[in-house]
Amino acid sequence: MAELNLILLGPPGAGKGTQANRLTEDFGLPHIATGDILRAAVAAQTALGQEAKRYMDVGELVPDSVISGVILERVAEDDARDGFVLDGFPRTVDQANSLGSEIEKLGRRLTAALLIDVPDDVVVKRISGRRMNPTTGRIYHVDFDPPKQADRDDEDGSELVQRDDDKEETVRKRLVVYHQQTEPLIGYYEQLGLLRRFDGTASPSEVHAHIRATISTLKLEEEL
Ligand code: AMP
């Protein structure tokens, strides 16, 4: 089978995680989510987590020296042999260059960079309304998926919390970082002929249908 080495691009809150989960189901590829890897390291209080937390809490990017090695090793693991869905990496041109050389070293190439585009005001509304059950990790949204009783989990009644990096001020900071450091990757992958754009304001199912159709075409082209 042709490999499917996919990158998801787009601002925080674009729905990259949701789409990555669906692509994982569709194509049996591992979902490599940098944010999740870092949050797990923070929770486990590893050296990586302790270093990363300082940056994550204020919406800044963790330094390349902290993150790049972890992700490049992950991409080379056995379960990513037939491909992967990278979500949250690369986020800078330097990271894109390191990924490019690592992939080349492995004798592989990227299949596509999927951009899920969403305007800033939609991102702020989506993220700053998120509330989480700190014990189970279940996520609600004050407008789009509210709990039955305000700020209480429907199942165990625990008090819901807002993640530090979901606070409006931090979301705005994450957007500034996205525009400055990550957006240049759109031109970068466009020049390489790898960019595919999707309207992230559509429903998750519509975005998924569009992405799946695009990938099916790419797969056919690879197999020809
Ligand atoms: P995410 O869940 O992908 O929005 O990531 C949450 C936070 O983790 C970001 O705001 C950054 O602080 C950090 N992070 C995730 N991916 C990267 C990356 N590729 N490079 C640097 N920092 C990252």
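Read the numbers this way: they start at 1 and go in the same order the structure lists the ligands and their atoms. Reckoned from all heavy atoms, side chains included, excluding hydrogens, waters and symmetry mates. Everything numeric in this text was worked out from a predicted model, so none of it was measured.
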Working for salt bridge (Lys or Arg N to Asp or Glu O under 4.0 Å), residues Lys173 and Glu169: CA-CA 6 Å; Lys173 168 78 188 184; Glu169 191 189 311; over 6 Å; no

Check: Val62 N/O within less than 3.5 Å of ligand 1 N/O: yes

Check: Gly88 N/O within less than 3.5 Å of ligand 1 N/O: yes

Approximate separation, where rounding is to 0.5 Å, of Leu110 CG and Ile103 CD1: 5.0 Å

Nearest neighbour in protein (non-hydrogen) for atom 10 (O) of ligand 1: Arg174 NE, 4.0 Å

Pair Thr92, Asp94: side-chain N/O donor-acceptor within cut-off below 3.5 Å: no

Proximity winner for atom 3 (O) of ligand 1, if only heavy atoms of Arg54, Lys16, Arg91 are counted: Arg91

Taking atom 20 (N) of ligand 1 as the reference point, the nearest protein heavy atom with its distance: Gln95 NE2, 2.9 Å

Heavy atom of the protein closest to atom 14 (N) of ligand 1 (residue, atom name, distance): Leu38 CD1, 3.5 Å

Atom pair CG (Asp165) and CZ (Arg174), whose distance is rounded to the nearest 0.5 Å: 4.5 Å

Leu114, Ile7, Leu115, Leu185 screened by side-chain contact (heavy atoms from CB on, under 4.5 Å) with Leu195, the one that passes: Leu115

Atom 6 (C) of ligand 1: nearest protein contact (heavy atom, Å): Arg39 NH1, 3.7 Å

Between CZ on residue Arg163 and CE on residue Met56, distance to nearest 0.5 Å: 7.0 Å

Protein heavy atom at shortest distance from atom 11 (C) of ligand 1: Glu60 O, 3.5 Å

Asp120-Tyr178 side chain donor-acceptor pair, cut-off 3.5 Å: no

For Ile67, the ligand 1 atoms whose distance to one of its heavy atoms is below 4.0 Å: 20 (N)

N or O pair under 3.5 Å between Asp165 and ligand 1: no

